[in-house]
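Heads up: the structure comes next, in structure tokens.
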Amino acid sequence: MTSTDSSTHEGFTVEERAAMKDHARELKTAARRGSRADKAAEAERDVLTKIAEMQDSDRIMAERVHAVITADAPMLTPKLWYGMPAYALDGKVVCFFQSAAKFKARYATLGFSDQAKLDEGTMWAAGFALTEVTPEVEARISALVKQAVG
């Protein structure tokens with residue numbers, strides 16, 4: 001794309017390019033796995049490994065988010081999505097956790113894709129900032145995930 005604009009836009013950031021490479025690697029890895037059960041078990045191990053690699057505050061939040069989602073929405077299967085933990089229904093990502101460190105943000109994010117059934121009128125939230133996962137936050141995550149797959 002050619003432009004006469006003199007803006008300083010240089011394309012994707014280093015973090016965005018790394019996320020895209022992670023996603024390509026995830027797709028290749030998934031294609032090489034055997035049975036559906038093997039794929040699911042390996043995908044969950046990948047998610048747990050990714051969570052374990054996170055910095056302390058992100059790791060603690062991701063562990064709690066993972067526990068809530070897997071307990072309250074067992075129909076969602078964990079998988080990596082752009083290098084971050086995600087939870088899918090019939091192979092399509094419904095929600096995901098993005099660590100603050102991933103894009104050097106000041107907070108982690110619990111996000112929902114357009115597959116999530118969170119519709120509320122003509123406008124609704126699809127992403128939530130997380131700085132700590134308290135019992136109240138866990139209850140909110142549980143309610144959102146149940147609504148998303150409901």
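- R140 CZ to L144 CG: the interatomic distance, rounded to the nearest 0.5 Å, is 4.0 Å.
- Other residues, nucleotides and ligands place more than 12 heavy atoms under 6.0 Å from the CZ atom of F128.
- Rounded to the nearest 0.5 Å, atoms CD1 (I51) and CE (M61) are 11.5 Å apart.
- Between K39 and E42 there is no salt bridge, since no side-chain N of the basic residue sits under 4.0 Å from a carboxylate O of the acidic one.
- For the pair E16 and T13, the tightest heavy-atom approach, listed with the atom from each and the gap, is OE1-N, 2.8 Å.
- For the pairing with V145, the side chain to side chain contact (heavy atoms under 4.5 Å, CB included) check across D72, L76, V94, V68 returns one residue only, L76.
- Connection of W124 to F96 is not established within any shared hydrophobic cluster, with ILVMFWY side chains joined at heavy-atom distances below 4.5 Å, either directly or through further cluster members.
- Taking the six-membered ring where tryptophan is involved, the planes of W81 and H23 are perpendicular, since the angle between them exceeds 60° and thus also 30°.
- In the hydrophobic cluster analysis, where Ile, Leu, Val, Met, Phe, Trp and Tyr join through side-chain heavy atoms closer than 4.5 angstrom, V137 is grouped together with Y87.
- In this structure, the side chain of S113 engages the main chain of Q115 through a donor-acceptor pair within 3.5 Å.
- R106 approaches A100 most closely through the heavy-atom pair C-CB, 4.4 Å.
- Here the rule is side chain to side chain contact (heavy atoms under 4.5 Å, CB included) with F97, and of H66, M54, K50 only M54 fits it.
- Atom CE of M123 has 12 or fewer neighbouring heavy atoms from other residues, nucleotides or ligands inside a 6.0 Å radius.
- Inter-residue side-chain proximity for T109 and L130 is flagged as unmet; no heavy-atom pair is nearer than 4.5 Å.
- Checking E136 against T134 by side-chain atom types alone, a donor-acceptor pair falls below 3.5 Å.
- Closest heavy-atom contact between C95 and I69: SG-CD1, 3.8 Å.
- Under the 4.5 Å side-chain criterion, counting only non-hydrogen atoms from C-beta, K146 is in contact with S142.
- Side-chain heavy atoms closer than 4.5 Å link hydrophobic residues (I, L, V, M, F, W, Y) into clusters, and following such links, even through other members, never connects V65 to Y82.
- No more than 12 heavy atoms of other residues, nucleotides or ligands shown are found within 6.0 angstrom of CG on D90.
- To the nearest 0.5 Å, the span separating CE on M84 from CG on D22 amounts to 7.5 Å.
- In this structure, K79 and G91 approach most closely via the heavy-atom pair NZ-O, 3.6 Å.
- Shown here for L118 and A125, the closest heavy-atom pair between the two residues is CD1-O, 4.0 Å.
- With hydrogens and angles disregarded, a donor-acceptor distance shorter than 3.5 Å links the side chain of D58 to the backbone of A101.
- Residues P78 and T70 share a closest heavy-atom pair of CG-CG2, 4.2 Å.
- Using modelled atom types, one side-chain atom of T49 and one backbone atom of R45 make a donor-acceptor pair closer than 3.5 Å.
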